[in-house]
Amino acid sequence: MADANDTQKTSRDAVEMWFDPMCPWAWMTSRWLMEVEKLREIEVTWSVMSLAVLNEHRHDLDAAYRARMDEAWGPVRVIIAAAEAHGPSVIKPLYDAMGTRIHLRRMNDFDQVVAESLEEVGLPAALAKEAHHKKFDAALHRSHKRGISLVGTDVGTPIIAVNGVAFFGPVVTPAPKGEDAARLWDGCVLVAGTPGFFELKRSRTEGPIFD
């Protein structure tokens with residue numbers, strides 16, 4: 001007779017994270033969430049949002065940041081195109097490849113970032129051309145809107161949703177590891193799930209610390 005523990009299935013919480021590959025804080029959050037996956041019963045789905053979409057209709061951006069936002073369309077368009085052609089399982093590997101180049105290697109040529117990332121994960125090089133076309137912008141807007149609709153318009157990337165609760169962030173550096181990562185997860189879910197809770201914040205005193 002089989003032990004009940006052998007047949008019992010573990011129920012994993014469905015978690016979804018929205019990211020823009022250009023956002024260093026989303027990169028930090030994603031590395032943290034990968035640690036949480038090792039220690040808590042969660043299964044993460046990765047979805048795109050966009051700093052470019054977030055700032056699309058703003059007219060108060062300085063020239064340098066506006067130029068950065070114009071560049072931000074490219075990588076996330078390619079992720080959308082790749083997912084539409086090859087399925088959602090390619091999103092995370094492609095994000096990892098792009099993020100490594102953008103944030104760790106500090107590459108500024110985003111056409112090169114896209115080309116190398118596609119090659120690394122074994123996707124067709126032809127997808128790179130979608131960085132400069134609007135073919136998948138409607139799908140990008142839909143994914144972005146779905147995330148933003150859960151938390152409101154006065155936040156940015158990243159967004160996390162779990163068990164009907166969604167929140168912006170956490171914004172943290174360096175990305176916690178091990179039990180520190182798990183404890184932060186437990187705290188985020190607890191406060192975000194408290195009825196009427198909206199904000200807990202303090203000024204940032206340092207930028208992202210990449211390991």
Side-chain angles (χ1 to χ4, degrees), residues 16-34 44-148 155-160 168 171 173-175 207-211:
E16 187 168 5
M17 176 176 160
W18 283 261
F19 67 90
D20 183 324
M22 296 277 286
C23 177
W25 295 108
W27 178 256
M28 301 301 295
T29 302
S30 70
R31 302 309 98 177
W32 161 71
L33 199 54
M34 289 165 59
V44 183
T45 298
W46 304 87
S47 299
V48 292
M49 61 184 301
S50 173
L51 291 169
V53 172
L54 194 68
N55 292 283
E56 193 171 13
H57 301 296
R58 290 185 59 183
H59 303 290
D60 59 339
L61 302 179
D62 63 51
Y65 195 72
R66 172 51 65 193
R68 186 74 169 176
M69 291 302 95
D70 290 343
E71 294 174 336
W73 288 100
V76 75
R77 281 171 171 165
V78 171
I79 291 176
I80 286 277
E84 296 242 346
H86 300 278
S89 64
V90 305
I91 293 176
K92 181 58 164 44
L94 194 50
Y95 176 33
D96 290 342
M98 288 183 179
T100 297
R101 287 164 174 79
I102 293 170
H103 305 299
L104 303 187
R105 301 181 189 173
R106 300 187 181 280
M107 293 173 58
N108 292 315
D109 183 338
F110 296 114
D111 286 338
Q112 183 181 357
V113 166
V114 166
E116 289 186 7
S117 298
L118 289 170
E119 182 179 9
E120 178 180 319
V121 301
L123 290 170
L127 285 168
K129 71 178 184 297
E130 303 301 346
H132 302 286
H133 299 289
K134 297 182 178 182
K135 179 179 178 181
F136 294 96
D137 283 7
L140 172 56
H141 276 84
R142 286 194 297 271
S143 182
H144 179 95
K145 182 178 180 180
R146 190 165 60 83
I148 285 290
V155 302
T157 173
I159 293 168
I160 291 175
F168 161 68
V171 175
T173 190
I209 301 172
F210 302 112
D211 294 336

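In this structure, CE on M17 lies 4.5 Å from OH on Y95, to the nearest 0.5 angstrom. The CE atom of M107 sits 6.5 Å away from atom CG of D109, with the distance rounded to the nearest 0.5 Å. For the atom pair NE2 (H141) and CD (E56), the distance works out to 3.5 Å, reported to the nearest 0.5 Å. Rounding to the nearest 0.5 Å gives a distance of 7.5 Å between CD1 of I91 and CD1 of I79. In this structure, CH2 on W46 lies 7.5 Å from CG on D96, to the nearest 0.5 angstrom. Put simply, NE2 on H144 and CD1 on I80 are 12.0 Å apart, with the number rounded to the nearest 0.5 Å.
Of all heavy-atom pairs spanning A128 and L118, the tightest one is N-CD1, 3.5 Å. Residues L94 and A82 share a closest heavy-atom pair of CD2-CB, 3.8 Å. In terms of heavy-atom proximity, R106 sits nearest to H103 at CG-O, 3.9 Å. Across every non-hydrogen atom of R31 and A175, the tightest pair is CB-CB, 4.0 Å. Residues S143 and W18 share a closest heavy-atom pair of O-NE1, 3.1 Å. Summarising the geometry of G207 relative to W25, their closest heavy-atom pair is C-CH2, 3.8 Å, with the distance given to 0.1 Å.
With sequence neighbours left out, D111 forms a side chain to side chain donor-acceptor pair (under 3.5 Å) with H132. Listed by chain and number, the residues in a side chain to side chain donor-acceptor pair (under 3.5 Å) with R58 are N55, D60 (sequence neighbours excluded). With sequence neighbours left out, E120 forms a salt bridge (Lys or Arg N to Asp or Glu O under 4.0 Å) with R101. Every residue meeting the side chain to side chain donor-acceptor pair (under 3.5 Å) condition with E16, not counting sequence neighbours, appears here in chain and number order: S47, R146. E119 meets the side chain to side chain donor-acceptor pair (under 3.5 Å) test with no other residue; sequence neighbours excluded. With sequence neighbours left out, the salt bridge (Lys or Arg N to Asp or Glu O under 4.0 Å) criterion links D137 to R77.
The ring of W27 has its center no closer than 6.0 angstrom to the ring center of F19.
Between the T157 side chain and the A26 main chain, no donor and acceptor come within less than 3.5 Å of each other. A donor-acceptor pair under 3.5 Å links the side-chain atoms of K129 to the main chain of A126, judged by distance alone.
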**OP:** Carefully, step by step, assess L127 and H86 under the rule side chain to side chain contact (heavy atoms under 4.5 Å, CB included).
**Re:** CA-CA 11 Å; L127 285 168; H86 300 278; 4.1 Å; yes

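Screening I102, V76, L51, L54 against C23 for a side chain to side chain contact (heavy atoms under 4.5 Å, CB included) leaves a single residue, L51.
Taking 4.5 Å as the limit, every side-chain heavy atom of F136 sits out of range of all side-chain heavy atoms of V78.
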